[in-house]
Amino acid sequence: MSSLTILRSYAQKSNPDSLPSSVLLSHSDTSLTIFDAYPKSIFHFLILPRVKAPWTANELTGLSSVFKCDKARAKELLLSLKDEADSARKTIQDEMQKRYGFKWDIWIGFHAIPSMEHLHLHVISNDLCSPRMKLKKHYNSFHPKLGFFLHLNDVLSWFDAEPSYFETAIQLKKAKYEPLLKEPLSCWRCGRDIANMPTLKSHLQVEWDDEARKEKARVERKRKREEDANRIDTQNTLIGPPTKK
């Protein structure tokens, strides 16, 4: 089995529970949520539609093949993936809170030109701090403003746009999107131009560490305010209302 088609093999399984726990996070009747084998952030999941009627494997090759199907049917599929992605987001947020004591943003979207067969929706934390983040094309494929990463809500908005816009947007031509992977490196947070990947990774780590400190301080301030409010409420309850003379 080639790495190109491994996602399809997962999606075709009649019994997803046969997948190892290192691969499968959860599954529903229509989709699988798996761990990305080469995560580009601290948290990185993929949502795959299962190959089940009325969908065929060829129809689910990628966004382009889905868009060739009936428009209403395509939208319904993406909305079902959104539901699963929202569930994965909640799982990630719970784990963030458990491990780090705070939560940070999570992006949900597709690569315009995917590197693997079978439609897959990325659910990824926005730190982009991972040992697997090695190449410029890795980073630029997730840069939230560059355009190669298609945010799910943006894709869903195409369905409600003018028909001419929808037909243009769904083309997903390689000539338009692949050059974006070669764009100069820049920090998605501060916009600073970065010379190379090692420098960028160090910069992103500093940015994330700074955010972590700020968020932890904010959480601690909130906790203290709530403690103070609870203490005042308790004191008022014990003292009781003022007596009238």
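FYI, the numbering just counts along the sequence from 1. On a predicted model such as this, the values are computed, not experimentally measured, just so you know.
Separation of the His138 and Phe142 ring centroids does not fall under the 6.0 Å cut-off. The distance between the ring centers of His122 and His120 falls below 6.0 angstrom.
Judged purely by atom type and a 3.5 angstrom limit, Ser65 uses its side chain to pair as donor or acceptor with the backbone of Glu59. Using a distance-only test at 3.5 Å, with no hydrogens or angles considered, a donor-acceptor pair links the side chain of Asp127 to the main chain of Ile42. The closest donor-acceptor contact from the side chain of Lys103 to the backbone of Glu215 lies at 3.5 Å or more, if one exists at all. Side-chain atoms of Lys201 come within 3.5 Å of backbone N or O of Met133 as a donor-acceptor pair. With hydrogens and angles disregarded, no donor-acceptor distance shorter than 3.5 Å links the side chain of Ser87 to the backbone of Asp83. Between the Ser31 side chain and the Pro49 main chain, no donor and acceptor come within less than 3.5 Å of each other. Of the possible polar contacts, none joining the Tyr177 side chain to the Phe149 backbone as a donor-acceptor pair under 3.5 Å is found. The backbone N or O of Ser80 lies less than 3.5 Å from no partner atom in the side chain of Glu84, so there is not a single donor-acceptor pair. Looking only at distances, a side-chain donor or acceptor of Asn140 sits under 3.5 Å from a matching main-chain atom of Glu183. Although no hydrogens or angles enter the test, the distance criterion places no donor-acceptor pair under 3.5 Å between the side chain of Ser41 and the main chain of Phe43.
The existence of a salt bridge linking Asp94 and Lys90 is confirmed by a sub-4.0 Å separation between a basic side-chain nitrogen and an acidic carboxylate oxygen. Under a 4.0 Å N-O distance rule, the pair Asp209/Arg213 does not qualify as a salt bridge. With respect to the salt-bridge test (charged N to carboxylate O, under 4.0 angstrom), the residues Arg189 and Asp210 do not qualify. The existence of a salt bridge linking Arg223 and Glu226 is excluded, since no basic side-chain nitrogen approaches an acidic carboxylate oxygen closer than 4.0 Å. By the 4.0 Å N-to-carboxylate-O rule, Lys224 lies too far from Asp228 to be salt-bridged with it.
By the side-chain contact (heavy atoms from CB on, under 4.5 Å) test, Ser141 pairs with His111, Phe148, Leu181, sequence neighbours left out. With sequence neighbours left out, the side-chain contact (heavy atoms from CB on, under 4.5 Å) criterion links Gln12 to Arg8, Val51, Ala57.
Residues Asn196 and Thr199 have side chains that bring a donor and an acceptor to within less than 3.5 angstrom of each other.
Hydrophobic clustering keeps Val23 apart from Leu121 (ILVMFWY residues linked when any side-chain heavy atoms are closer than 4.5 Å, directly or through intermediates).
Using a 4.5 Å cut-off on side-chain heavy atoms (C-beta onward), Lys134 and Tyr139 make no contact.
Annotation: cation-pi pair Lys216/Tyr100 absent, no NZ/CZ under 6.0 Å from the ring centroid and within 45° of its normal. A cation-pi arrangement, defined by a distance under 6.0 Å to the six-membered ring centre and an angle within 45 degrees of its axis, is absent between Arg50 and Trp55.
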